[in-house]
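All ligand and atom numbering here is 1-based and tracks the order in the structure.
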Amino acid sequence: MQYTIAVVHGDGIGPEVCSATVAVLRAVPGLASKLDFREYPAGADHYRRTGDAFPDATFEACKAAHAILHGAAGLPGVTYPDGTETGIDFGLQLRFRLDLYANLRPIKLYPGIVSPLRHFSPGQIDYVILRENTEGLYAARDGGTVLRGEVASDTMLITRKGVERITRAAFELARRRNGALRDGKRRVTLCDKANVLRSYAFFRKVFNEVAASYPDIETDYAYVDAMTVHLVERPDFYDVIVTENMFGDIISDLAAATVGGMGMSPSGETGDHHGFFQASHGSAPTIAGKNVANPHGTILSAALMLRWLGERHADRPLTEAADIVERAVAQVLASGAGLTRDLGGSASTSDVARLVSHQVQA
Ligand code: IPM
Ligand code: MN
């Protein structure tokens with residue numbers, strides 16, 4: 001079977017990290033003929049030129065594709081009259097319109113990378129954040145109000161259906177993983193602020209209802225403020241963390257910082273019918289066009305894409321290709337050759353593309 005991959009490069013470093021990733025995928029033995037890459041425009045630069053950040057034709061192509069691969073989008077200053085950014089509409093609209101409710105953000109410290117957490121070495125941080133991706137505070141995008149230049153509001157939205165499906169996804173994921181590194185226990189931690197807001201208390205109630213069907217998995221709770229401390233002090237305690245959209249956005253950046261920074265932040269956003277893969281970093285316009293951006297996050301996101309496609313279509317070679325890409329990234333990082341500037345090395349974006357492409361063929 002051949003898979004159509006809609007590729008949207010985007011802005012800033014987007015085209016560099018995305019091209020590096022496509023090069024790696026093309027190099028995996030047997031994969032080139034299985035993937036049909038098709039490029040479509042979207043983002044802030046496209047908005048600047050056409051007045052449209054996310055053309056309908058791009059949306060239709062993304063919807064029709066088997067998966068969507070993206071670099072990064074958005075440019076500061078390229079905003080709508082209300083002050084919000086234009087380019088990010090690509091990712092945000094995709095989430096809503098394709099119902100990509102589960103945003104998986106693996107947090108893993110790879111050999112070769114020095115964590116700012118001095119007590120933690122590679123092999124000691126490996127958990128996932130599952131960010132609810134279609135509701136929460138972000139559901140208010142385009143729906144907030146500003147009254148008389150005096151009062152502004154954005155409403156957080158939590159639905160029973162939304163909590164049930166993301167919670168089930170978290171527990172199913174925990175069943176497939178090997179538990180927390182600290183004690184080997186399968187654990188799902190709900191990160192919320194149920195002590196303060198009704199919406200989070202409701203989230204917790206529905207979470208508990210779903211959790212009752214998974215007696216084999218430990219349930220755990222952390223308020224988001226305390227969570228920022230735990231992720232620094234005891235990241236090895238975590239296995240699967242599930243959380244509301246906005247909280248997931250925030251804690252996943254903090255978590256990425258503990259494993260090498262935003263360049264090491266893969267992400268896969270999936271629903272029941274569509275999958276969208278991009279690193280969780282932004283478009284980093286200040287370093288764009290210099291061949292210095294770290295593409296590992298995007299390459300690892302593509303590995304998530306291969307695994308998702310492989311499982312969905314019961315296509316073993318694709319699942320194996322996902323492992324091959326992940327192992328290749330781990331090897332070039334461990335050797336030191338694949339460390340980009342942000343990781344303390346001097347590899348360029350194209351160096352990494354070349355090294356990982358070589359390694360996937362080894
Ligand atoms: C992310 C990004 C996006 C978000 C932006 C680009 C809209 O920060 O994927 O984490 O806020 O969700
Ligand atoms: Mn973010």
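Using a 4.0 Å cutoff on heavy atoms, Glu85 does not count as a contact of ligand 1. Ligand 1 has Arg105 within reach: a non-hydrogen atom of the residue lies less than 4.0 Å from it. Put simply, part of Arg95 is less than 4.0 Å from ligand 1, judged by heavy atoms.
For the Mn ion (ligand 2), protein N, O or S atoms closer than 2.8 Å were enumerated as Asp249 OD1, with waters left out.
Salt bridge absent: Arg176 and Glu172 never bring a charged side-chain N and a carboxylate O closer than 4.0 Å. A salt bridge links Asp192 with Arg204: at least one charged nitrogen is closer than 4.0 Å to a carboxylate oxygen. For the pair Asp239 and Arg186, the salt-bridge criterion is not met [side-chain N within less than 4.0 Å of a carboxylate O]. A salt bridge is absent between Arg327 and Asp323: the closest approach of a Lys/Arg side-chain nitrogen to an acidic carboxylate oxygen does not fall below 4.0 angstrom. Using a cut-off of 4.0 Å between Lys/Arg side-chain N and Asp/Glu carboxylate O, Asp99 and Arg165 are scored as salt-bridged.
Distances between N or O atoms of Glu269 and those of ligand 1 include no value under 3.5 Å. Backbone and side-chain nitrogen or oxygen atoms of Gln278 are examined, and none is located within less than 3.5 angstrom of a nitrogen or oxygen of ligand 1.
Here the heavy atom of the protein found nearest to atom 8 (O) of ligand 1 is Asp249 OD1, 3.4 Å. Residue, atom and distance of the protein heavy atom nearest to atom 4 (C) of ligand 1 are Tyr138 OH, 3.5 Å.
The Ile88 neighbourhood of ligand 1 comprises atoms 6 (C), 7 (C), with distances under 4.0 Å to a heavy atom of that residue.
Screening Tyr40, Phe59, Tyr47, Phe54 for a ring pair (Phe, Tyr, Trp, His ring centres under 6.0 Å) with Phe90, the sole residue that qualifies is Phe54. Test Asp36, Leu309, Leu306 against Tyr3 for side chain to side chain contact (heavy atoms under 4.5 Å, CB included) and you get one pass: Leu309.
Under the 6.0 Å cut-off for aromatic ring centres, His66 and His313 qualify, their centroids lying closer than that.
A search for salt bridge (charged side-chain N to carboxylate O under 4.0 Å, His left out) contacts involving Asp253 returns nothing, not counting sequence neighbours.
Between Asn245 and Thr134, the side chains place no donor N or O within less than 3.5 Å of an acceptor N or O (distance only, hydrogens not considered).
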